[in-house]
Colleague: 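The structure is given below, and queries will be raised subsequently.
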Amino acid sequence: MSELRSYEITFIAEPNFDDERVNSLVGKYSEFIEKNGGAVEKVERMGKKRLAYAIEKRQYGYYIFTEVKLPGEAVAPLKRWFALSEDVFRHLAVRMTDRDVRLKALTQDHFRKEMDRRNAATRPGAREGVREGGREGGREGHREGGRPERRED
Amino acid sequence: MAYQRKRICRFCEAGVKYVDYRDEKRLSRFLTERGKIIPRRVSGTCAKHQRMLSTAIKRSRILALLPFVSDNPA
């Protein structure tokens, strides 16, 4: 058995799919992955989104993002499976090296903290509150500390 | 494309280690109205991040999250 590698696989299904059809598609997809010796680790339904350009006259697509462990030689059959599928009209498989995985997690973590900090410090209430509280405090500090003499002139 | 002076890499500034191809909103800031990738001499992005950025944009385009070309800029 060959080594399992991490992949991020995103595919775009027909936009008119309801939950039931999406479920069935995800089910079939997972089944295919597992049959080929892989495992689906995460499924994220990004939902119906507008396409940046028309694909075979479609303006919208139903986006499904998955994180998967898969032996390398199973990728080609998977891509063929997508190509033959009538439900999926676009897919992207990205190999994630350990480094990629680590850096991505790091970045996401960083942003989560950043957002938390902003939400805590900057965002409560409307913009007005932010400006009065945060910025003025900062400015006053600088001016009083740095240039008292010039002001007196 | 009236951009100001060259400044520090926005990704370095923000502490980004990995540029995600699914984050089309963030990526779209590095495209011209036409959909071209803004060169780093203009955006000021460092070489390392520009490499990641261009890969991410190209992946994003495959997923139709970003345009290859755009005639009517949004």
Side-chain angles (χ1 to χ4, degrees), chain A residues 6-15 42-67 79 82-83 88-118, chain B residues 1 4-5 7-40 42-74:
Chain A
S6 300
Y7 294 89
E8 284 186 351
I9 296 170
T10 313
F11 49 100
I12 313 179
E14 295 294 340
K42 182 180 165 192
V43 177
E44 184 188 324
R45 289 152 201 235
M46 296 165 71
K48 189 176 159 185
K49 287 169 78 84
R50 195 186 168 87
L51 305 172
Y53 52 87
I55 301 177
E56 290 160 13
K57 304 203 173 165
R58 297 178 194 83
Q59 293 290 347
Y60 293 87
Y62 193 102
Y63 283 71
I64 299 159
F65 170 80
T66 65
E67 286 174 12
K79 290 182 82 73
F82 277 131
V88 176
F89 60 88
R90 186 60 64 93
H91 70 272
L92 176 73
V94 177
R95 166 84 210 278
M96 295 294 279
T97 62
D98 292 345
R99 187 166 177 276
D100 289 336
V101 174
R102 202 176 63 242
L103 293 182
K104 187 181 177 184
L106 220 85
T107 299
Q108 285 178 340
D109 197 48
H110 176 79
F111 274 101
R112 214 169 296 131
K113 279 181 195 152
E114 187 77 17
M115 288 301 282
D116 288 347
R117 203 182 313 140
R118 268 186 217 168
Chain B
M1 286 167 19
Q4 312 99 324
R5 221 173 304 134
R7 47 187 142 84
I8 21 161
C9 173
R10 288 219 226 148
F11 294 102
C12 290
E13 207 175 16
V16 174
K17 298 265 193 298
Y18 177 87
V19 183
D20 194 357
Y21 57 91
R22 287 199 298 149
D23 194 356
E24 79 269 20
K25 287 201 186 96
R26 218 175 290 269
L27 296 178
S28 65
R29 296 229 297 262
F30 294 90
L31 294 181
T32 66
E33 295 182 341
R34 279 255 154 192
K36 290 185 177 187
I37 298 174
I38 295 176
R40 67 191 203 86
V42 177
S43 65
T45 312
C46 73
K48 183 174 164 184
H49 282 114
Q50 182 76 9
R51 253 179 278 135
M52 284 195 261
L53 176 68
S54 66
T55 312
I57 289 174
K58 287 165 187 175
R59 285 173 177 170
S60 204
R61 282 173 175 167
I62 295 173
L63 287 173
L65 295 172
L66 292 176
F68 283 97
V69 284
S70 174
D71 283 339
N72 36 323

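Please read these numbers as outputs of a predicted model, since none were measured by experiment. Convention: sequence-line order gives letters A, B, ...; per-chain numbering from 1. Hydrogens, waters and symmetry mates play no part in the numbers below; they use all other heavy atoms, side chains included.
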Colleague: Rounded to the nearest 0.5 Å, what's the gap from CG on B:Leu63 to CZ on A:Phe65? Could you check?
Modeller: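 Here the rounded value is 10.0 Å.
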
Colleague: Could you go through A:Arg102 and A:Asp98, starting from their C-alpha distance and side-chain angles, then the distance that decides it, and tell me whether this counts as salt bridge (Lys or Arg N to Asp or Glu O under 4.0 Å)?
Modeller: CA-CA 6 Å; A:Arg102 202 176 63 242; A:Asp98 292 345; over 6 Å; no

Colleague: For atom NZ of B:Lys58, is the number of surrounding heavy atoms from other residues, nucleotides or ligands below 6.0 Å larger than 12?
Modeller: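 For B:Lys58, atom NZ is not crowded (no more than 12 foreign heavy atoms under 6.0 Å).
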
Colleague: Among the options A:Met46, A:Gln108, A:His91, pick out the one with the most heavy-atom pairs lying under 4.5 Å from chain B.
Modeller: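 Heavy-atom pair counts peak at A:Met46.
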
Colleague: Looking at residues at least two apart in the chain, or sitting in another chain, which of them share a ring pair (Phe, Tyr, Trp, His ring centres under 6.0 Å) with B:Phe68?
Modeller: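 So B:Phe68 forms a ring pair (Phe, Tyr, Trp, His ring centres under 6.0 Å) with A:Tyr53.
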
Colleague: Measure from NZ or CZ of A:Lys48 to the centre of the six-membered ring of A:Tyr62, then state whether that distance is under 6.0 Å and the direction lies within 45° of the axis.
Modeller: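 Judged by the rule (NZ or CZ under 6.0 Å from the ring centre, within 45° of its axis), A:Lys48 is not positioned above A:Tyr62.
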
Colleague: Parallel under 30°, tilted from 30 to 60°, perpendicular over 60°: which one fits the rings of B:Phe30 and B:Phe11?
Modeller: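 Parallel.
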
Colleague: Taking side chain as everything from C-beta outward and backbone as N, CA, C, O, which of these in A:Lys104 sits under 4.5 Å from a heavy atom of chain B? Side chain, backbone, both or neither.
Modeller: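 A:Lys104 touches chain B through backbone and side-chain heavy atoms alike.
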
Colleague: At a heavy-atom separation under 4.5 Å, does A:Phe111 approach chain B through its side chain, its backbone, both, or neither?
Modeller: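 Interface part for A:Phe111: side chain.
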
Colleague: Under a 4.5 Å heavy-atom cut-off, does chain A meet the side chain of B:Arg59, its backbone, both or neither?
Modeller: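 The answer is both parts of B:Arg59.
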
Colleague: Nearest 0.5 Å please: distance from the CD1 atom of A:Ile12 over to the CD1 atom of B:Ile62.
Modeller: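 Separation between the atoms: 10.5 Å.
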
Colleague: Pick one of side chain, backbone, both or neither for B:Leu65, based on which atoms fall under 4.5 Å of a heavy atom in chain A.
Modeller: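 When you check distances to chain A, atoms from both the backbone and side chain of B:Leu65 fall under 4.5 Å.
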
Colleague: Examine A:Arg90 relative to A:Phe11 and say whether NZ or CZ is less than 6.0 Å from the centre of the six-membered ring and inside a 45° cone about the ring axis.
Modeller: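 Checked: cation-pi criterion not met.
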
Colleague: Is A:Leu106 close to chain B through its backbone or its side chain, or both, or neither, when contacts mean heavy atoms under 4.5 Å?
Modeller: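 For A:Leu106, the contact with chain B is made by the side chain alone.
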
Colleague: Are there residues of residues 15-26 of chain B whose heavy atoms fall under 4.5 Å of chain A's heavy atoms? If so, which?
Modeller: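 The stretch touches chain A at B:Gly15, B:Val16, B:Lys17, B:Tyr18, B:Asp20, B:Tyr21, B:Arg22, B:Glu24, B:Arg26.
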
Colleague: Would you say A:Tyr7 and A:Arg95 are linked by a side-chain donor-acceptor pair, where the criterion is simply a distance under 3.5 Å?
Modeller: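 Note: A:Arg95 and A:Tyr7 side chains miss the donor-acceptor criterion.
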
